[in-house]
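The block underneath contains the structure these notes are about, expressed in structure tokens.
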Amino acid sequence: MTQLSTITGEFQNPDMEAAFQADRLPESQRHARMLFLLSALLNLLFLLSDWRFAGTPHFWVAVPARVAVILWSLACLSFSRHMVNFRAVERICFAWQVATAIGVAFLVSSRSDIAIFVLVMLPLIFYLVVPTSFRGNVGGGLGCGVALLIGYMAPAPLSPTAPGMVMAVLILHCGMWIAIARTNRLQRKAWTASQMAQNARAALASNGETLERMFMSVPIPLLVTRPDGTVVRFNDAAARAFGTEDDISRVHMLGEGSTAVSGTWGSLRDCIAKGQEIDNCECRIVSRDSAVHDVLLSSRPIVIRGEDCILSSIVDITARKEAERHLAHLAMTDALTGLANRSHFMATLTQAAGATSRTGGQMAVVLIDVDEFKRINDSAGHDAGDALLGAVADRLREAVRPGDLVARMGGDEFAVLLTRLRTATDLDTILARMTDQLHRPLSHGTRDIDCRVSMGVALFPEHAGDMADLMKHADIALYEAKNGGRGRACLFEPHLLERWQREARMLERARDALIHAPPAPWYQPKVDLTTGKVIGFEALLRCVRPDGSIIMPGEIAAAFEHSELGRVITERMLTQVLADCRRWQDEGLDFGHVAINVPGVELHDGSFPDRLLEQMAAAGVPPHRIELEVTESVFLGRNAEVVERSLHRLSAAGLSIALDDFGTGYASLSHLKQFPIDIIKIDRRFIHDVETDPDDAAIVRTVLNLAYSLGIRTVAEGVENPRQLDYLRAGGCHYGQGFHFGSATPACHVPPMLGWNPAYETLGPA
């Protein structure tokens, strides 16, 4: 709201006040000229009346003063042509006020009755008639009043009524100040109102044209329709989208003449016809070229010339919806193979489980892992790995039935959802077809890539009613397939879950031991059965808890073949064993050698031999001091060539290789020729009853004869009594190890054990 001064009644904003004065300039100019002209004419008439003072002293005062006022008024009238702005009007009016006030001051010195009238009237004229600002009105009126009082009272003696006249003039001026302020305020309020009305009329006058231009230029199709769908108005965008400027009949799609894909279009059309507000409703419409478009529809009821209409906007979101569908497809699809991804598979699995529960029957989840994928990637290159994954995807598509879902879960892992399984034969047939398809070699460039997979299968609802459990059970079956030799399919069975849980507990126990009971080597002596001398030790893992209890290797057996834990445990054992060997060397002890168990996870790593030899060199331990014990399982699988290279590398460096638990695994006798085996360790299960069980005795004799024929030394594990020792010595076994010679003990107890074994001395020579 515009602020007015409470004292002057003028605008507090100088720009507003200047605009007001500029707007009133023609009126101010006209009033000023009229004032100057009337002043000259009236004073000319008064000059004629002043002749009554002829012959008096006042005559020679009145006539010159009157003539001066007349002449100055005419001069100001002449100067009025220079009043080009309000400031110029004020300056000329002020000059007229000064000259007139002085002239009239001389006239009222006569103290006549008319002088008193002029004393009151002239200041009123200055206040009410002179077209100046508040300061000009007040200044002129007050200055005129003072001048007239001086002229009236200057001749002596003073009238007794002079004080009262002064008070009366003062009251008059105060009243005029208030009146002028009020008048100014009313004038400016009226002017402000007129300006607003003028602006409103101008805006109203241009509003129609502006709105028309805006309506036509909006790039979004806008339609004004009647409730029956008849088009009242449309803009250029609507004409381009739905028809030519002369033919836009196709926009009847907003009413009953529309063609809609959505099944809810009828209710939407009814809402529009009823004049209900609609915001961003997604629907599909047909344009003039019969193309289907996805649009966002918004509508509002409006009144045009007293008629109820509907204003609708139509935003074409076809490109956005296509992009959303494309992104949704990408979000649910594997980029490399074009198969469904994990998210898509899990969502479909949940839906399929619900459908299977309602209709009955079975479905299966098959998890598939490409065997030796990392080796293929490393040896043939990532392009070959990608080609192999693509081939697996294509072959899976060919092997499954229409309606079955194939997905890539990540890396080299795939999954297949088999629904509508009626019998176990259905599953066997599909798995056989998948195996045949997937195990065909892949030609890539100039080489053939061996393609083999392992598969784990779990059935719903037989094996699990929960999707998380179903996937876990299929994963357990896959784990069993890979551990059982790979390249095969394994169906989940409850005992696999029990074993998996047992191994999981072992891994958890191993992780806890690494933190709270760090692995340490305890040494069990190995004795020459001929001389009874300690010829070396086997480093056995022991984890001593803070309370003194010991975690034995069997309690964490699964950790030794774990890709992470197995390496950590082996690394810690090797570090401590080499440190103990170096200390015994420095003390001058002849401890022979120390045998260390090496898990397959290390031997499958081609860098293990170099790492071990570097550690030994750094510790200053010569190769003949270390013996590596391996189990027959490391010879199996598709990493056998890596194991063979590693063992030959270590054997060539001077380390002895011992085959542990011989006869309990699946190794072929050809492995004794293929791999550099220096020592065969006869498993304790055959030694335990060797003197009473003919079968065990026969196995032990066979192993001893075989080793003798191949020139391989033998070590008997688990020797616990003299009878076993006698049998082994008689059979030609080289070394013995067991409680009869001593149990595993910390490194600090090794020095006293070196030399002749007391248990052997009590027996005498063989």
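Fair warning: this is a prediction, and the values are worked out from it, not measured in the lab.
- Between the side chain of R408 and the backbone N or O of G411 there is at least one donor-acceptor pair closer than 3.5 Å.
- Partner of Q737 under the side-chain hydrogen bond (donor to acceptor under 3.5 Å, both in side chains) criterion, chosen from K526, R684, E538: E538.
- The only option from R452, R488, K482 that meets the salt bridge (charged side-chain N to carboxylate O under 4.0 Å, His left out) definition with D369 turns out to be K482.
- For S549 (side chain) and R545 (main-chain N/O), no donor-acceptor pair under 3.5 Å exists by modelled atom type.
- Here CZ of R723 is found 14.5 Å from OH of Y727. Values are rounded to the nearest 0.5 Å.
- Remark: side-chain polar atoms of Q576 are paired, donor with acceptor, to backbone N or O of P519 under 3.5 angstrom.
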Test salt bridge (charged side-chain N to carboxylate O under 4.0 Å, His left out) on D605 and R567; report intermediate values, then the result.
CA-CA 10 Å; D605 183 357; R567 285 190 171 91; 3.7 Å; yes
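- Note that CG of L647 and CG of D678 are 10.0 Å apart. Values are rounded to the nearest 0.5 Å.
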Could you walk me through whether V365 and F345 pass side chain to side chain contact (heavy atoms under 4.5 Å, CB included), step by step?
CA-CA 10 Å; V365 169; F345 183 84; 4.2 Å; yes
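- In this structure, E555 contributes its side chain and M506 its backbone to no donor-acceptor pair below 3.5 Å.
- Under the salt bridge (charged side-chain N to carboxylate O under 4.0 Å, His left out) criterion, D512 pairs with no residue at all, not counting sequence neighbours.
- Atoms NE2 and CG, on H473 and L367 in that order, are 12.0 Å from each other to the nearest 0.5 Å.
- Residues Y479 and E503 are in side-chain contact: their nearest non-hydrogen atoms beyond the backbone lie under 4.5 Å apart.
- Considering only heavy atoms from C-beta on, L514 comes within 4.5 Å of I569 through its side chain.
- One distance of note links CD1 of I712 with CG of L706; it measures 7.0 Å at 0.5 Å rounding.
- Shown here is F373, whose CZ atom has more than 12 heavy atoms of other residues, nucleotides or ligands within 6.0 Å.
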Hey, can you pull the donor-acceptor pairs under 3.5 Å for the side chains in residues 580-589, sequence neighbours left out?
unit_1: D580; atom_1: OD1; unit_2: R583; atom_2: NH1; d: 3.1
unit_1: D580; atom_1: OD1; unit_2: R583; atom_2: NH2; d: 3.0
unit_1: D580; atom_1: OD2; unit_2: Y523; atom_2: OH; d: 2.6
unit_1: R582; atom_1: NE; unit_2: D586; atom_2: OD1; d: 3.1
unit_1: R582; atom_1: NE; unit_2: D586; atom_2: OD2; d: 3.4
unit_1: R582; atom_1: NH1; unit_2: A619; atom_2: O; d: 3.1
unit_1: Q585; atom_1: NE2; unit_2: G620; atom_2: O; d: 3.1

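- Between D696 and R701, none of the side-chain N atoms (NZ, or NE/NH1/NH2) sits under 4.0 Å from a carboxylate O, so this pair counts as no salt bridge.
- Side-chain atoms of N705 and T702 form no donor-acceptor pair, as typed in the model, at a separation below 3.5 Å.
- A distance-only check finds no donor-acceptor pair linking the side chain of D475 to the backbone of M471 [under 3.5 Å].
- Checking side-chain atoms of H463 against main-chain N and O of A458 turns up no donor-acceptor pair under 3.5 Å.
- N341 places a side-chain N or O within 3.5 Å of a backbone atom of H344 that can act as its donor or acceptor partner.
- Checked by atom type and distance alone, the side chain of Q724 pairs as donor or acceptor with a backbone atom of H688 at under 3.5 Å.
- Geometric assessment of R713 against the ring of Y735 yields a negative cation-pi assignment under the 6.0 Å and 45° thresholds.
- Between the side chain of H516 and the main chain of P546, no donor-acceptor pair closer than 3.5 Å is present.
- Separation of atoms CZ (F460) and CG (L349) is listed at 8.5 Å; rounding is to 0.5 Å.
- L565 contributes atom CG, which lies 5.0 Å from atom CZ of R511 (distance to the nearest 0.5 angstrom).
- Here the shortest heavy-atom pairing between P521 and A539 reads CB-CB, 4.1 Å.
- Residues passing the salt bridge (charged side-chain N to carboxylate O under 4.0 Å, His left out) test with R542: none are found, sequence neighbours excluded.
- Side chain of H382 to main chain of G385: no donor-acceptor pair is present (N/O by atom type, distance under 3.5 Å, no hydrogens or angles).
- In this model, no donor atom of one side chain and acceptor atom of the other lie less than 3.5 Å apart for E564 and H562.
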